[in-house]
2 protein chains.
Amino acid sequence: MNSESSSAEVQGAAALERGLVLLDQILEGGPTASLAQIADRIPMPISTAQRLVAVFVRQGLLCRVGPGRYAGGVRMAQWNSHCDWHESLAEAARPLVTALARAVGATVHCGVLEAGMVTYLVKAHGGGQPVLTSEQSQLEAYCSGIGKALLAHQSAELQEAYLAAGPFVALTDRTTTDPDQLRRLFEQILAQGYAVDDAELQPGLYCLAVPVWAAGERVVAAVSISMRSDAPVSLTLLDPLKDCARRLGRRIGAGGA
Amino acid sequence: MNSESSSAEVQGAAALERGLVLLDQILEGGPTASLAQIADRIPMPISTAQRLVAVFVRQGLLCRVGPGRYAGGVRMAQWNSHCDWHESLAEAARPLVTALARAVGATVHCGVLEAGMVTYLVKAHGGGQPVLTSEQSQLEAYCSGIGKALLAHQSAELQEAYLAAGPFVALTDRTTTDPDQLRRLFEQILAQGYAVDDAELQPGLYCLAVPVWAAGERVVAAVSISMRSDAPVSLTLLDPLKDCARRLGRRIGAGGA
DNA sequence: TTCATTCTCTCATTCTGTGAGAGAAATTCC
DNA sequence: GGAATTTCTCTCACAGAATGAGAGAATGAA
């Protein structure tokens with residue numbers, strides 16, 4: 001929630017950047033906040049905040065709904081209708097995923113986490129035995145490589161909420177269903193930077209997954225290599241997979257927050 | 001679609017403003033546009049556009065989905081979830097609508113147009129015979145004061161599309177159902193600045209409506225005074241009604257586009 | 001591979017944003 | 001209804017930031 005524009009600063013766009021941080025604060029910090037409070041939080045002089053907020057209101061991005069109350073305006077609503085983040089992500093990922101699938105001769109997925117479920121946005125089959133999944137399909141996170149890679153990089157609160165939500169059904173005899181075991185697994189994944197699925201979802205289906213760091217700051221998706229075989233996916237495939245994730249991360253940008 | 005930041009400029013926020021215009025161009029102009037094309041349209045030097053776009057991408061507002069293709073990013077998606085324009089509008093309008101209802105001793109509505117239907121966002125009863133409507137309810141636009149006031153201020157294309165969509169059912173014997181007649185009515189409403197509903201929706205229900213100009217540039221809603229009586233609403237109520245609309249317009253901001 | 005497009009970076013000039021505080025306009029309280 | 005309080009708007013001189021042309025690096029296409 002707190003935007004520390006700590007990392008790499010873009011040259012010559014400080015004003016825009018501060019404005020966006022302010023807008024984010026207002027929208028994320030709930031609809032109730034007087035200019036003084038908002039200015040306090042950034043921090044930023046009141047008169048500067050006022051000048052910027054005036055621009056946002058004039059542009060229809062904010063709407064003054066009452067004294068000390070600002071909310072999204074009409075323009076924001078218009079923009080919303082043009083934005084489908086999942087679609088954008090899928091479009092950005094597709095060429096990279098397809099290329100990787102061809103390169104390694106296996107099936108590659110790109111997916112996101114949504115309310116404890118993994119949604120596959122992109123699937124590309126580049127060889128080997130077919131894998132039975134489809135784009136837009138959802139599945140439980142705890143038993144898939146992508147799901148575990150994503151869960152491991154969530155905040156501690158989200159992780160605990162997820163682990164408390166249970167129950168975790170064993171889909172194969174290798175599925176991890178114990179919350180404590182999952183918690184340790186998450187730590188391990190976080191440390192090593194990749195997650196594996198050794199036939200925990202389907203017998204004979206192995207998978208290797210890594211998170212996608214948006215602008216190197218935040219995990220917003222994951223990519224995985226899946227294949228039907230009789231042994232885990234070779235870790236030699238980790239490098240091309242990580243490379244794909246890194247490129248995707250760079251492409252989609254999205255820092256802050 | 002074309003943002004002419006023509007009118008009153010805010011002092012000392014040109015950079016922010018240009019940035020927002022750029023962002024609007026990218027989002028409204030479809031996902032496909034190279035920096036050069038975008039810069040051409042503003043107009044703005046490419047290197048400046050690039051600097052601003054880099055900020056948006058870093059902040060997660062835009063996402064580069066391919067060469068010459070930008071779309072809304074994660075941050076935009078986050079903001080979306082915090083924004084409910086109808087709710088904001090209702091919240092901003094409620095105190096004004098309530099005050100007007102008390103002042104004139106009648107029922108006052110505030111509504112918006114949505115796919116050819118009017119949605120009542122706020123209703124306040126300030127005296128007189130009760131009017132049978134409720135907030136969030138929808139009704140056909142052609143036979144209500146608010147609906148006609150809003151339709152009259154739509155673009156010609158939207159009006160024609162609406163008139164062509166028909167059919168228009170007569171709810172009372174005074175309902176205007178002929179497209180040509182409606183078209184002339186719209187011109188008249190546009191010219192005089194207000195719309196009337198003389199028992200066209202329900203027998204004995206009269207109504208006077210005026211549009212709400214967001215920041216004096218664009219009609220985004222309408223307010224109306226309704227009452228059960230045996231004659232049209234007195235035009236002496238036009239002034240307080242217009243005043244209410246003007247104040248609401250100022251409050252919600254929203255220029256451009 | 002090579003070519004074409006799209007994007008990124010640098011730097012001197014000048015125009016722009018900055019921020020304190022006073023004043024205006026609301027909202028709330030009495 | 002009126003007064004106190006909060007919230008918002010405006011002005012101005014200085015400093016520092018944005019600007020924009022063009023060369024160069026990535027990237028994607030053929």
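Note on naming: letters A, B, ... go to the chains in the order of the sequence lines (proteins, then strands), and numbering restarts at 1 for each one. The figures here come from the full heavy-atom set of this structure, side chains too, leaving out hydrogens, waters and symmetry mates.
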Across all chains, not counting sequence neighbours, the salt bridge (charged side-chain N to carboxylate O under 4.0 Å, His left out) partners of B:Arg247 are B:Asp243
How long is the line joining CG of B:Leu22 and P of D:dT19, in whole Å? 11 Å
Expressed as a whole number of angstroms, how long is the span from B:Arg58:CZ to C:dC7:P? 18 Å
Kindly calculate the angle separating the two end axes of the helix from C:dT1-D:dA30 to C:dC30-D:dG1, each obtained from five base pairs, and round it to 10 degrees. 80°
Enumerate donor-acceptor pairs with a distance under 3.5 Å from any side-chain N or O in residues 233-242 of chain B to protein atoms, sequence neighbours excluded.
| residue | atom | partner | partner atom | Å |
| --- | --- | --- | --- | --- |
| B:Ser234 | OG | B:Thr236 | N | 3.0 |
| B:Ser234 | OG | B:Thr236 | OG1 | 2.6 |

Figure out the CG/P separation between B:Asp243 and C:dA26, and round it to whole Å. 11 Å
Nearest-Å distance, CD (A:Glu17) to C1' (D:dA18)? 14 Å
Listed partners of A:Ala93 passing side-chain contact (heavy atoms from CB on, under 4.5 Å), at least two apart: A:Val97, A:Cys110, A:Val122, A:Leu248
Under the salt bridge (charged side-chain N to carboxylate O under 4.0 Å, His left out) test, which residues partner B:Glu135, sequence neighbours left out? B:Arg94
How long is the line joining CG of B:Leu52 and C1' of D:dA17, in whole Å? 13 Å
Salt bridge between A:Asp197 and A:Lys148, side-chain N to carboxylate O under 4.0 Å? no
Specify the separation, in whole Å, of atom CD1 of B:Ile38 and atom P of C:dT6. 11 Å
In whole angstrom, what separates B:Leu20's CG from D:dA18's C1'? 16 Å
Which residues pass the ring-ring contact (aromatic ring centres under 6.0 Å, His included) test with B:His125, not counting sequence neighbours? none
Please determine whether a side-chain nitrogen or oxygen atom of B:Arg247 lies at a distance below 4.0 Å from atom OP1 or OP2 of C:dA26. no
Residue list, side-chain contact (heavy atoms from CB on, under 4.5 Å) with B:Ala77, at least two apart or on another chain: A:Trp85
Produce a footprint string for nucleotides 5-10 of chain D: one letter per nucleotide, 5' end first; B if the base is under 4.0 Å from any protein heavy atom, S if only the sugar-phosphate is, - if neither. --SSBB
Does the side chain of B:His109 pick up a donor-acceptor pair with the side chain of B:Thr133 at under 3.5 Å? yes
Kindly write out the residues that satisfy salt bridge (charged side-chain N to carboxylate O under 4.0 Å, His left out) with A:Arg228, not counting sequence neighbours, or none if the list is empty. none
Does A:Arg51 have a side-chain nitrogen or oxygen under 4.0 Å from the phosphate oxygens OP1 or OP2 of C:dG19? no
